[in-house]
Amino acid sequence: MQDENQHLKRELGLLDGTMLVVGSMIGSGIFIVSADIARQVGSTAWLLLIWLLSGLITIIAAVSYGELSAMFPKAGGQYVYLKEAYNKLIAFLYGWSFFGVIQTGTIAAVGVAFSKFAAYLVPFVSDENILYEIGSFKLNAAQFVSIFTIILLTYINSRGVKNSKMLQTVLTIIKIASLVGLIVFGLTLGAKAEIWNANWTDVWATKTFNAETGTWLPISGTALITGISAAMVGSLFSSDAWNGVTFIAGEIKNPQRNVGLSLFLGTFIVTIIYVLANVMYVAVVPLEDIAFAKSDRVAVVAANNIFGNIGTLIIAVMIMISTFACNNGLIMAGARVYYTMAKDGLFFKKAAHLNEFSVPAWALWAQCVWASALCLTGKYGDLLDFVVIIVLIFYILTIYGIFILRKKQPDAERPYKAFGYPYLPLFYIVVASAISISLLITKFSTCGWGVLIMLAGIPVYYLTKGKEQ
């Protein structure tokens with residue numbers, strides 16, 4: 001711990017931590033995933049309830065993490081908590097999944113979201129513009145732009161935490177202001193009584209869209225639970241990455257207080273914004289149009305209804321800012337996990353080295369290379385289901401770790417204790433477990449692969465175990 005503090009500089013305050021949480025959470029999801037939720041449940045009330053429930057369980061998870069972040073205020077976050085509560089194997093499986101799919105896959109997906117909306121402003125950078133082709137491999141302009149933004153942000157982060165924190169704070173404030181502006185203008189200028197009233201007719205009458213037959217089918221009972229679980233994939237994915245601030249706890253001032261507070265404030269702010277954004281959607285856009293928005297771009301439809309044709313350009317700029325800030329936060333936080341793993345002998349040794357700017361530059365560039373490779377595959381869009389299943393599994397394990405540590409280390413200093421313990425942490429574990437089981441049953445073809453990738457880390461761990469220092 002002392003050796004770590006001699007190198008990692010504590011230069012981030014409460015505002016920086018909160019902006020990292022908010023900036024990492026808000027990417028492109030809030031602008032698009034409401035379409036899939038609407039198709040899954042076909043109900044305005046359930047659309048809003050799913051966003052609210054996702055926000056509440058995220059806040060519960062965040063305030064539960066506050067106890068762990070106060071106990072272990074150093075770089076690595078969730079990886080450290082799992083190692084302390086369980087063992088190095090469980091921690092390694094998290095790091096393995098984190099590098100292989102969770103963080104790098106999310107960085108790649110967010111990068112492509114940036115390029116897709118950049119194409120609205122500059123058509124030359126669309127995915128239809130093929131720059132290079134050899135055999136079945138095609139490099140299009142959108143992929144090039146995605147990779148370029150990942151490289152640029154990695155370079156900025158490699159030059160020190162001050163540059164990246166300033167960029168994160170400024171862009172996140174702009175992002176929040178623009179989203180709040182869209183909500184306010186939507187509710188004051190774009191809202192129409194006939195649309196609002198129509199969307200609230202038979203609001204609890206749930207139905208799901210059958211793509212094969214092209215018709216709506218009423219659902220209830222088990223089918224409704226399945227639909228809700230499938231719908232929550234998007235909202236949970238959009239609410240993820242809030243734990244990024246725990247990864248950089250080694251660079252947070254007064255981490256025992258500020259990490260936990262950043263987690264609460266950040267997740268609370270994002271939950272309010274997400275719910276209000278969806279209230280605006282149903283005030284401006286008929287539910288049928290939400291469900292079948294072109295390319296699921298609900299925010300584009302809403303902006304067109306509010307501002308006219310210029311609305312598309314407004315949304316394009318908003319999403320470019322949003323995704324750029326999101327990826328900056330993801331890139332900054334992710335490298336600290338590999339850095340901590342390497343110090344434990346569970347990742348490439350070079351990832352444990354800090355450069356002259358006191359940041360893990362090698363870990364940053366390794367992350368950059370793999371995320372860029374995922375951009376080139378063009379298949380990471382299918383990762384959504386198994387990213388969420390892996391994320392949920394490790395959140396469940398981490399929060400259950402609070403119970404384990406209360407017994408293993410009863411006398412350990414706990415500057416902050418999990419709010420509502422044991423009831424709220426237990427509530428999260430039950431709800432998240434139910435969602436995970438439902439996803440494994442209904443989406444085994446994708447979620448099953450996610451679990452398989454995670455379990456594939458077990459033989460890798462034992463093969464590399466001898467390298468531990």
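These values consider heavy atoms only, across backbone and side chains, with no hydrogens, waters or symmetry-generated copies. The structure presented is a predicted model; accordingly, all values stated were derived computationally and were not measured.
- Trp51 and Ser238 form no side-chain donor-acceptor contact under 3.5 Å, judged by distance and modelled atom types alone.
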TODO: Kindly determine whether Lys207 and Asp202 satisfy salt bridge (charged side-chain N to carboxylate O under 4.0 Å, His left out), including the steps that lead there.
DONE: CA-CA 11 Å; Lys207 56 188 177 180; Asp202 296 326; over 6 Å; no
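- Under 3.5 Å, the side chains of Thr267 and Thr58 contain no donor-acceptor pair of N or O atoms.
- A donor-acceptor pair under 3.5 Å is formed between the side chain of Thr104 and the backbone N or O of Phe99.
- Legend: residues meeting ring-ring contact (aromatic ring centres under 6.0 Å, His included) with Phe419, ordered by chain and number and at least two apart, are absent.
- With Tyr79 as the partner, the side-chain contact (heavy atoms from CB on, under 4.5 Å) test is satisfied by one option alone out of Ile90, Val337, Thr398: Val337.
- Under the 3.5 Å distance criterion, the side-chain polar atoms of Ser34 are left unmatched by any main-chain donor or acceptor of Ile30.
- Listed for the Asn129 side chain is a donor-acceptor partner under 3.5 Å among the backbone atoms of Phe124.
- Counting heavy atoms from C-beta on, the side chains of Ile389 and Ser436 come closer than 4.5 Å.
- No side-chain donor from either of Asn199 and Tyr281 sits under 3.5 Å from a side-chain acceptor of the other.
- Counted within 6.0 Å of CZ on Phe185, heavy atoms from surrounding residues, nucleotides or ligands total 12 or fewer; the atom is thus considered open.
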Open item on the list: Determine whether Glu251 and Lys165 satisfy the following criterion, salt bridge (charged side-chain N to carboxylate O under 4.0 Å, His left out), listing intermediate values before the conclusion.
Closed with: CA-CA 11 Å; Glu251 292 148 286; Lys165 83 163 186 177; over 6 Å; no
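- Counting only N and O atoms by type, the side chains of Ser164 and Asn328 include no donor and acceptor under 3.5 Å apart.
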